[in-house]
Amino acid sequence: MPELPEVETIVRALRPRVQGRRLLGVDVLDPVLIPGLDGLSIPSRVRKTSRRGKYILLELEPGVLLVHLRMSGRLLWGKTPPEGRIRLVLRFAHGNVYLVDQRRLAQVKYLPRFEDGLGPEPLGDLSWLPQALARSRMPIKGWLLDQRKIAGIGNIYASEILFRAGIDPHRPANSLTPKEVGVLARAIPKVLTEAIAGKGTTLADSEYRQPTGELGGFQLRLSVYGRAGKPCPVCQTPIRRAKISGRSTYFCPSCQT
DNA sequence: TCATCCCTGTGG
DNA sequence: CCACAGGGATGA
């Protein structure tokens, strides 16, 4: 479930709690293979806490603990175990990080170093965007979801970004005009930073929580995602839902062309 | 670029 | 019962 804004919210909350602290132990409660974990020597100081795309990185001494929450993972901070299916506990002197994961799809790895095939971050320089889009015939919605092309955008924010940019999600990436690419390049960081400011999106049936257990707030600001049949906030035309790149996609058939 | 799978739960 | 859920790897 978590996309870049949710992961960033989680990392920002965990950083002051674990960065610079000594990781005293790792308990694996769900019998699922966690690659490399047997090579982790404890205790190990957390040198740095960061995000790359939708990955959470805890840089240790040595190596890096990588967490990807996939669909239903949560990282919760506390002194006592929270409700839910706890898969992993990272123990510190003053509290613990719990990985709770209903669907057990989350991935945890301990690697000597983080190497990724991820595309550039969407909050950085986007001057490369026109060239990259010109090389692809994928529908722009699917292109935004492809982590090798741009890292961190997921299904909610792909719909929200394209609404903000006024671009039909079906459009082939290479069909966007230079002007449209410019509008898109501004919409991407705008939507994502607003969502970070809102502490992420917690839908009604969503698993996402901040590490404190609090809900996100950006669900109140969504324009199209999950709103099929409801009026477009700009022109009142009913929002439509379609399947693009195998995922539900929401858009305004009037504003997005 | 699509279907399929991973896993579990919920809602129609 | 089937469809679907904010992700992504894989193989055709």
Side-chain angles (χ1 to χ4, degrees), chain A residues 1-10 29-35 51-56 66-75 83-88 99-109 114-119 122 133 135-163 169-175 188 191-192 194-196 198-210 215-229 239 241-251:
Chain A
M1 12 164 286
E3 308 181 28
L4 185 152
E6 290 75 33
V7 175
E8 181 64 28
T9 300
I10 290 166
L29 304 189
D30 189 341
V32 171
L33 192 64
I34 298 182
R51 176 194 63 72
R52 173 79 174 95
K54 301 175 193 172
Y55 286 88
I56 296 160
L66 261 186
V67 180
H68 195 302
L69 297 172
R70 294 287 188 97
M71 298 287 270
S72 64
R74 297 177 180 172
L75 283 184
E83 292 295 304
R85 193 190 301 263
I86 301 173
R87 296 187 55 199
L88 186 78
L99 171 61
V100 178
D101 182 21
Q102 174 81 261
R103 290 170 67 178
R104 305 169 72 209
L105 291 169
Q107 301 277 310
V108 180
K109 290 180 194 169
F114 180 52
E115 299 166 30
D116 64 74
L118 298 175
L133 291 176
R135 277 188 266 107
S136 175
R137 291 177 303 278
M138 287 177 76
I140 185 61
K141 160 73 183 329
W143 192 95
L144 291 172
L145 287 181
D146 188 337
Q147 303 299 299
R148 294 165 304 184
K149 297 191 162 48
I150 187 166
I153 299 172
N155 209 31
I156 292 181
Y157 299 111
S159 282
E160 293 295 314
I161 286 165
L162 289 170
F163 174 77
H170 300 89
R171 295 268 303 281
N174 64 3
S175 76
I188 288 169
V191 168
L192 295 177
E194 286 178 16
I196 292 169
K199 311 282 188 184
T201 298
T202 303
L203 264 10
D205 58 348
S206 155
E207 297 293 325
Y208 167 67
R209 296 292 183 281
Q210 299 179 52
L215 307 182
F218 196 70
Q219 61 277 8
L220 304 173
R221 303 273 176 279
L222 294 177
S223 297
V224 292
Y225 187 85
R227 300 179 54 78
I239 298 302
R241 179 184 156 200
K243 198 78 119 176
I244 304 177
S245 307
R247 317 289 301 279
S248 286
T249 306
Y250 299 85
F251 64 102

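Residue numbering restarts at 1 for every chain, and letters A, B, ... go by the order of the sequence lines. Predicted model only: the values in this text are computed from it and were never measured.
- At whole-Å resolution of the value, CG in A:Leu144 and C1' in C:dG7 are 16 Å apart.
- Judged by distance alone, the side chains of A:Ser223 and A:Tyr250 never bring a donor and an acceptor atom under 3.5 Å apart.
- A:Asn174 and A:Ser136 are not linked by any side-chain donor-acceptor pair at a separation below 3.5 angstrom, with hydrogens and angles left out of the test.
- The neighbour count for A:Lys149 NZ, taken as heavy atoms of other residues, nucleotides or ligands under 6.0 Å away, is above 12.
- Taking only side-chain atoms of A:Arg85, from C-beta outward, the nucleotide of C:dC4, B:dT8, C:dG8 with the closest atom is B:dT8.
- Figure legend. B:dC2 is base-paired to C:dG11; pairs are counted as Watson-Crick or G-U wobble with both atom distances under 3.5 Å.
- Between A:Ile34 atom CD1 and B:dC6 atom P there is a gap of 20 Å when expressed in whole angstrom units.
- In this structure, the CG atom of A:Asp146 is 10 Å from the C1' atom of C:dG8, given to the nearest Å.
- Taking atom CD1 of residue A:Ile140 and atom C1' of nucleotide B:dT1, one finds them 15 Å apart after rounding to whole Å.
- At a threshold of 4.0 angstrom between heavy atoms, the contacts of A:Leu203 include nucleobase atoms, whether or not backbone atoms are also involved.
- Comparing C:dG8, B:dC7, B:dT1 by their nearest atom to the side chain of A:Arg137 picks out B:dT1.
- Put simply, A:Ser248 has no side-chain N or O that comes within less than 4.0 Å of OP1 or OP2 on C:dC4.
- When the nucleotides C:dA5, B:dG9, C:dG8 are ranked by their closest atom to the side chain of A:Gln102, B:dG9 comes out on top.
- C:dT10 and B:dC7 are spaced 15 Å apart, taking the P atom of each and rounding to whole Å.
- In this structure, A:Asp205 places its CG atom 10 Å from P of B:dT10, rounding to the nearest Å.
- If you take OH of A:Tyr157 and P of C:dG7, they are 11 Å apart, rounded to a whole angstrom.
- Across all strands, A:Ser72 comes closer than 4.0 Å to no nucleic acid atom at all (heavy-atom distances).
- In this structure, A:Gly246 reaches neither bases nor backbone, as no heavy-atom distance under 4.0 Å exists between it and the strands shown.
- Comparing C:dC4, B:dT8, C:dG7 by their closest approach to the side chain of A:His68 singles out C:dG7.
- For A:Gln147, the listed nucleotide lying nearest its side chain is C:dG8; candidates were C:dC4, B:dG9, C:dG8.
- Neither OP1 nor OP2 of C:dG8 sits under 4.0 Å from any side-chain N or O of A:Arg70.
- Comparing atom distances between the A:Lys243 side chain and each of B:dG9, C:dA5, C:dA9 picks out C:dA5 as nearest.
- Ion pairing of A:Arg87 with A:Asp101 is present here, as a side-chain N (NZ or NE/NH1/NH2) and a carboxylate O approach within less than 4.0 Å.
- Counting to the nearest Å, the P atom of C:dT10 and the CZ atom of A:Arg148 are 11 Å from each other.
- Checked against C:dG8, C:dC4, B:dT8, the side chain of A:Arg103 finds its nearest nucleotide in B:dT8.
- Donor-acceptor pairing under 3.5 Å is lacking for the side chains of A:Thr9 and A:Lys199.
- In summary, A:Arg74 and A:Glu207 engage in a salt bridge, as defined by a charged side-chain N under 4.0 Å from a carboxylate O.
- Rounded to an integer number of Å, the gap from A:Leu4 CG to C:dG7 P is 12 Å.
- Of the two residues near DNA chain C, A:Arg247 and A:Arg241, the one whose nearest nucleotide lies more 5' is A:Arg241.
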